[in-house]
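To start, the structure under review is shown below, and the notes come after it.
Here, residue 1 is the first one in the sequence, and each next residue gets the next number. The figures that follow rest on heavy atoms only: side chains count, while hydrogens, waters and symmetry mates do not.
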Amino acid sequence: MRKLDELYTEEPSYGVRRMTAVLRQQGENVNVKRVRRLLRLMGLEAIYPKPNTSKGGKENIRRYPYLLRGLMIEKINQVWSTDIGTVN
């Protein structure tokens with residue numbers, strides 16, 4: 001468990017399979033199931049981008065009315081539009 005902790009501290013992005021491979025290269029006789037069980041017991045999890053990271057929270061969304069609804073656009077340059085994104 002000490003070697004797993006050292007390896008996780010050194011490289012927290014390694015998953016179970018990579019940790020198993022590194023430990024085997026260091027001469028340890030371990031398999032994937034044992035490494036998975038020990039990491040779960042220690043409460044360690046690989047750090048990687050989780051799904052839907054680009055979606056914002058619903059509490060910070062402001063909705064604006066569409067002001068051109070029902071307007072008949074009949075000539076060039078009658079209306080202009082732009083989209084300005086906010087940076088949080």
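- In the hydrophobic clustering, Ile76 connects to no other residue, as no ILVMFWY side-chain heavy atoms lie under 4.5 Å from its own.
- Nearest approach of Gly15 to Ala46, heavy atoms of both residues: CA-CB, 4.0 Å.
- Remark: Glu28 pairs with Lys3 by the side-chain hydrogen bond (donor to acceptor under 3.5 Å, both in side chains) rule, at least two apart or across chains.
- Residues Leu23 and Asn29 fail the side-chain proximity criterion, which asks for heavy atoms closer than 4.5 Å.
- Counting only residues at least two apart or in different chains, side-chain hydrogen bond (donor to acceptor under 3.5 Å, both in side chains) contacts with residues 6-24 comprise Arg2-Glu6, Glu11-Ser13.
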Side-chain donor-acceptor pairs under 3.5 Å in residues 30-44, sequence neighbours left out?
unit_1: Asn31; atom_1: OD1; unit_2: Lys33; atom_2: N; d: 3.4
unit_1: Asn31; atom_1: OD1; unit_2: Arg34; atom_2: N; d: 2.9

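- For the atom pair Gln78 CD and Ile73 CD1, the distance stands at 6.0 Å (nearest 0.5 Å).
- Shown here are the side-chain contact (heavy atoms from CB on, under 4.5 Å) partners of Leu67, two or more places apart in sequence or in another chain: Pro65.
- Every residue two or more places apart in sequence or in another chain that forms a side-chain contact (heavy atoms from CB on, under 4.5 Å) with Met72 is listed here: Glu74.
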